[in-house]
Amino acid sequence: MDQLGKLDGGVGTLKILVINSGSSSLKYQLFNMEDESVLCGGIVERISLKGSRLIHKVNSKKYVDETPVKDHKVALKMVLDTLLDAEKGVITSMEEINAVGHRVVHGGETFSGSVLIEEDVMKALEDNIELAPLHNPPNITGIVAAKELLPNAPQIGVFDTAFHQTLPEKAYLYAIPMKYYEKYKVRRYGFHGTSHFYVSRRAAKMLGKPVEKLRIITCHIGNGASITAVKNGKSVDTSMGFTPLEGLVMGTRCGDMDPAIVTFLQEKENLSTKEISDILNKKSGVYGLTNGFSSDMRDIEDTALKGDKVSKLALDMYDYRIAKYIGAYAAVMNGVDAIAFTAGVGENSPHTRKDVCSHLEFLGLKIDSEKNGVRGKESIISTEDSKVKVLVVPTNEELVIARDTKKIVESMK
Ligand code: ADP
């Protein structure tokens, strides 16, 4: 508990570093929790690869440092040195960082909320590696580096899966022999939980109603994409599953398909499990549909709207799958009060929002085409008389992580 001595100066000065440590990148933001402002932020890209660099943003200025970065510890050290730098920095001593909030992708069934990371939690994270072999190891590496470099700051884990731990059994189980759930915990976990949580709460605020009284469908559609049915504030179903591969058509991921395709292709093309997994995770989605043209929805939309048939089909499939899930989740909740769009495409693409909503007029949903022109700003884009409200809500996962970190740190006092 001596870690907390430093907070005695007053929670008003609480500074929280939020870290999102991926396989080859480390994103960060430093929050001043007095007013929840972001003091600075950035990313270390291409860790351990050629061309690694740190991009740091502070006071609307951008700094790039191209010193080679051999691993996550070196990356975090670079970040901390930058935070302390006389010109680019925002703090004068490492002791000013009161706590670190970590994004962790997979909490399995162990974590239904955020936690202080102590030895038992590290062990549970390691046990969950099997469930998220691509995501959890870099998350753990980031935590280990932060514990070493900031030994006095409490480290808090915030899980992508936690918000979905309220799913009922009928939504999270797969219809395969029950023993596989019992033996290996094969079930739907769902991801992007921090975003779905944040967006559902903001949407309720924007509508001036308590989230506990609303049925909201949150559409987190970016490169990775997922949809969640949020009933009375709780996640009751979500499109990503055992891994982030299920559900919507994504940048490079296939989303839903008949699982028999996996064994069929393995046999026909003589593919190993790693090869078929790479195809479905990294070579499919709109990237696969356009024969490798692009996984970026801006490129797909641009070329589709210029008349390219292949891109148009990929875009139509991307939008159609979203509409199909919204229809399903309206049934799951026996109705829907609001649909909220977020993430890269949801926040910025009037075309996709319009296309998706054109399938939903049967719900009494109407969007206002002028209001739908909005990009990256909180906005209600449905007409006054629309039975279902449609909103654009820029997500802010880092803020949720910072708030949870603050809450836990304060409760430790
Ligand atoms: P992730 O976090 O999963 O990498 P993002 O939420 O950052 O994804 O979303 C990235 C996606 O959003 C990209 O496919 C990008 O092209 C798309 N996007 C960003 N701006 C626009 C836009 N104006 N129109 C269409 N798509 C956009």
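This structure is a prediction, so every number in the text was calculated from the model and none was measured. As the structure lists them, so they are numbered: ligands from 1, and atoms in each ligand from 1. Each residue takes its place number in the sequence, starting with 1. No hydrogens, no waters, no symmetry mates; every other heavy atom, side chains included, goes into these values.
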- prompt: Do any pairs count as a side chain to side chain donor-acceptor pair (under 3.5 Å) and have a residue in residues 360-373, sequence neighbours left out, and if so which ones?
  reply: R353-N372, K366-D385
field: side chain to side chain donor-acceptor pair (under 3.5 Å) partners of residues 208-219, not counting sequence neighbours, each pair once
entry: H196-T218, R215-D337
query: Which is it for T342 and H220 under the side chain to side chain donor-acceptor pair (under 3.5 Å) test, yes or no, and what are the steps along the way?
result: CA-CA 5 Å; T342 193; H220 178 112; 5.3 Å; no
query: Cationic tip of R187 within the cone over Y181's six-membered ring, i.e. under 6.0 Å and within 45° of the normal?
result: no
task: Mind jotting down which protein residues get a heavy-atom contact under 4.0 Å with ligand 1? Chain and number order, please.
output: G222, N223, G224, D296, M297, R298, E301, A343, G344, V345, N348, S349, R375
Side chain to side chain donor-acceptor pair (under 3.5 Å) partners of residues 257-271, not counting sequence neighbours, each pair once: none
- prompt: When rounded to the nearest 0.5 angstrom, what is the spacing between OG in S349 and CD1 in I300?
  reply: 12.0 Å
